[in-house]
Each structure stands twice: as C-alpha cells, then as structure tokens.
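Before any comments, here is the structure.
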There are 2 protein chains.
Amino acid sequence: MTSREGSASAPVAFSDHDHAACVEDTLAAAEEVCAERGLRLTPVRRKVLELLLQEHRALGAYAILDLLRDAGFGSQPPVAYRALDFLVKNGFVHKIERLNAFVACVHPGETHSPAFMICRKCDAVAEAQSTPLKGALGAAARSTGFQIERTVVEAEGLCPDCAEASGS
Amino acid sequence: MTSREGSASAPVAFSDHDHAACVEDTLAAAEEVCAERGLRLTPVRRKVLELLLQEHRALGAYAILDLLRDAGFGSQPPVAYRALDFLVKNGFVHKIERLNAFVACVHPGETHSPAFMICRKCDAVAEAQSTPLKGALGAAARSTGFQIERTVVEAEGLCPDCAEASGS
DNA sequence: CCCTCTATGTGATTTTATAACATTTCAGAG
DNA sequence: CTCTGAAATGTTATAAAATCACATAGAGGG
C-alpha cells in the first residue's frame, strides 16, 4: 500500500477549492444533521470525520487509528471501526471497497448513490453521483427480478493531475 | 460470513440452466483461449476455475484453498492467491470487492466491464454488463478529466428467489 | 544436457476486521 | 438529585484476508 500518512502533501480533489472552508462547512452540516435526527456526534466520531475531511482522500481504518492515537483517543481497532460504522451508517462517510478505506461524503445527510473516481497513483478520491437504476445494470436487475438495495460504483484510473504528469 | 462450503445446495444463478454443460463449456473455452494466447492453464489454475464454475457463486480465497487442499494441492494461501491472480488478470475470474471473494466469468476471453448483482441472503452472484462510459459516472469523468481504466460495479440486494421467500 | 524462466510449495508476517467483556457516560424516570 | 438502563468507549484477544521471502520443481530454448 502506498503511503497514506501525513497531510502535508495530501492531494486535494480534482478541482481546486477552499479546503479549510470545505472542512468547516461539512463538519457544521454534520452537527446540524445529527441534532435534527437525535444522533450523537461524539468526540471520537467527530474527530474521525474531521480527519477524513482534512485528508480529502481515502484513509484505511488503521491510518485513522494512528491519527486518533495522536489526538489522544483510544488506539485499539474497535475505536476506529465503531466510529466509522456510525459515520457510514448515517451517510457521513463512504467506504471505498476497492481500497478497504474510507472517505468523507461531500453531501452528508441526503441519501444518495455515490460513485467514486479513484486515482491509482496519488490515491485521490472524488465522489460523483451514480444512477443505478438507469443504464445496463438497472435493466438487468429489472429483467431478472433482482431487487437492488445498495450499489458500489468505483472507477479506478488516473486523475487529471497524474495523467498529465505521466505524459498523458 | 454465511456458509460457503458444500455444493449440494449451492444456489444456481437467477435463471435455471444446464449447469454441468455450463461448467464443461466454459472450461473448454478457457483452455482454448489459453492455447491461443500462449498462457498456461496449469492444474492448480484449472482446478480453481473449475471449482468456481461448479459453485456458481462467489467463494473467498480461503474457501477455495480448503477445496484445493481436499483435491491434493498445496494448502498455503499463496497457492490460491496466485492461481486467482492469473485467472483474474486474464479475465476468467472476477473479484467481487464487496465480498472479498471471487466468481467465474460467464464469458471469458472477451474484455468487458462486468457488473454484479449480489444476493445478501443466499450469496448468489449474477454477472451483467456495465457501460461505464455512459451514464452519470462517465459524464463526471469526462467533465473532470479523469481517465477511467477499470470499474467496479456491484449491486447488493435480494435475488428473485430470496425476495419471494421473504414475502416480496 | 544445461540454463533460464515460470510456476509451485512452504513458513512467516502484515494488514484488515471482529468478538467478547469491562467500564464509562449520559439522558430520562422517579 | 439520584437512580437506572441504554449507548458509547476502552481494552484484550482473535479471526480473516492478503502478501513477503525464499526454497524447490518443471517446461522449453539453446
């Protein structure tokens, strides 16, 4: 696995944006959603979400665990996994199955079918929407009678920056 | 993880078919493709493909390893993983990321973008085609300049049989 | 035959994830 | 305020998935 520590050179998503504001805003939005729904955004959970927002890419559970330890939280796997379970279940974080890693959702709260573009070179992850019921898969599901409950849609390739760097 | 041993009650794919012939035919097709391309379908590799075709659903690497041991092959993880690497790389087998498991391809040889429907109840897996460049994900990739090399498309839900069994 | 490249066998280790149980925290009932 | 029960956290241990490293065996070309 390529290096996933250190936020110094963390690649931002494919388009530039005000990252500090993006972290603040999303965190505030999450607080609000939790308040509305009676969910408890406890310190560990909030910290995990904050870390994922800051990195702005997929982090493995054990990378998160290291960062949690640095922040003074418990350092055993269940600490990270339980916080991630909560965040995933409530739509604040998505799991990237291809990487066994986790990434903060860019529009938390709303239920949606995410799709991801994963750069194989710099590990950047961008979230897009998928429309699972349209297209070939939806047609196949309808024709066989399969009831789709959840979809995993992940594209692996080169992000714009890395494509350019490696001579297109 | 639910039981994955024993082929007695293994669910076939969503539509009935002549399973024995399907195993034979696909195995023969794989032999042919390997001959054409100068690939070596060695005993272990052939056996792994055969096991996956017989089960007709996703098997974890360690489940495959158990079956290999029963068949008299080496029983250490690399034996299974190396055979699977070969089969995946050459398009005879697909990995189901959601399950960390492997399933035989239904039309080996041809390069294609598979999509899967995974029953959460009986573990049956059906393969369909995806059209990654059409639809929302393709549009997102084009507009950001992301170069898609490979896609993972997996739908989780209830297969027709299980949907009916659990009262629709 | 010998050399080389590929494939296999095997032991050890790393990475990812969960089980089980004790302890703490906190909101609401009384 | 205090008790209480449920939810959350801490911690030890273990399971499951995947890879590393190195030795051995086989197939093919010269």
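Order of the sequence lines sets the chain letters (A, B, ...), proteins ahead of strands, with each chain counted from 1. Computed from heavy atoms alone, side chains included, the values below leave out hydrogens, waters and symmetry copies.
- Where stacking is scored as ring centres under 5.5 Å apart with planes under 30°, A:Y62 registers as stacked on the base of C:dT16.
- Protein atom CG of A:N100 is 19 Å distant from nucleotide atom P of C:dT14, rounded to whole Å.
- A sub-4.0 Å separation between OP1 or OP2 of D:dA17 and a side-chain N or O of B:K95 is absent.
- At whole-Å resolution of the value, CD in A:E97 and P in D:dA18 are 12 Å apart.
- C:dT8 atom C1' lies 15 Å from atom CG of B:L41, rounded to whole Å.
- In this model, the phosphate group of C:dT8 is not approached by any side-chain N or O of B:K47 to a distance below 4.0 Å at OP1 or OP2.
- Applying the salt bridge (Lys or Arg N to Asp or Glu O under 4.0 Å) test to every pair with at least one member in residues 151-160 of chain A, sequence neighbours left out, gives these pairs: A:R98-A:E156, A:E156-B:R150.
- Judged by distance alone, with hydrogens and angles left aside, the side-chain atoms of A:R37 form no donor-acceptor pair with the main-chain N or O of A:E32 at under 3.5 Å.
- A:R45 has its CZ atom 13 Å from the C1' atom of C:dC26, to the nearest Å.
- Across all strands shown, A:R82 has heavy atoms under 4.0 Å from base atoms, whether or not it also approaches the sugar-phosphate.
- Where B:Y81 and B:R40 each meet DNA chain D at their nearest nucleotide, the meeting point lying more 5' is that of B:Y81.
- Taking atom CD of A:Q76 as the reference point, atom C1' of C:dA19 lies 14 Å away to the nearest angstrom.
- For the pair A:L39 CG and C:dC26 P, the interatomic distance rounds to 17 Å; values are reported in whole Å.
- The two residues B:L59 and B:L51 have their closest heavy-atom pair at CD1-O, 4.4 Å.
- Between the P atom of D:dA8 and the CG atom of A:L87 lies a distance of 12 Å, rounded to the nearest Å.
- When each of B:P78 and B:V44 is assigned the nucleotide of DNA chain C with its nearest heavy atom, B:V44 is the one assigned upstream, toward the 5' end.
- Of the charged side-chain nitrogens involved, at least one lies within less than 4.0 Å of a carboxylate oxygen, so that B:D66 and B:R69 count as a salt-bridged pair.
- Every pair passing side chain to side chain donor-acceptor pair (under 3.5 Å) that includes a residue from residues 126-138 of chain B is listed here, sequence neighbours excluded: B:H94-B:E127, B:H107-B:Q129, B:H112-B:E127.
- Each of B:S75 and A:F102 has a nearest nucleotide on DNA chain C; the 5'-most of these lies closest to B:S75.
- The CZ-P distance, from B:F73 to C:dT10, rounds to 13 Å in whole Å.
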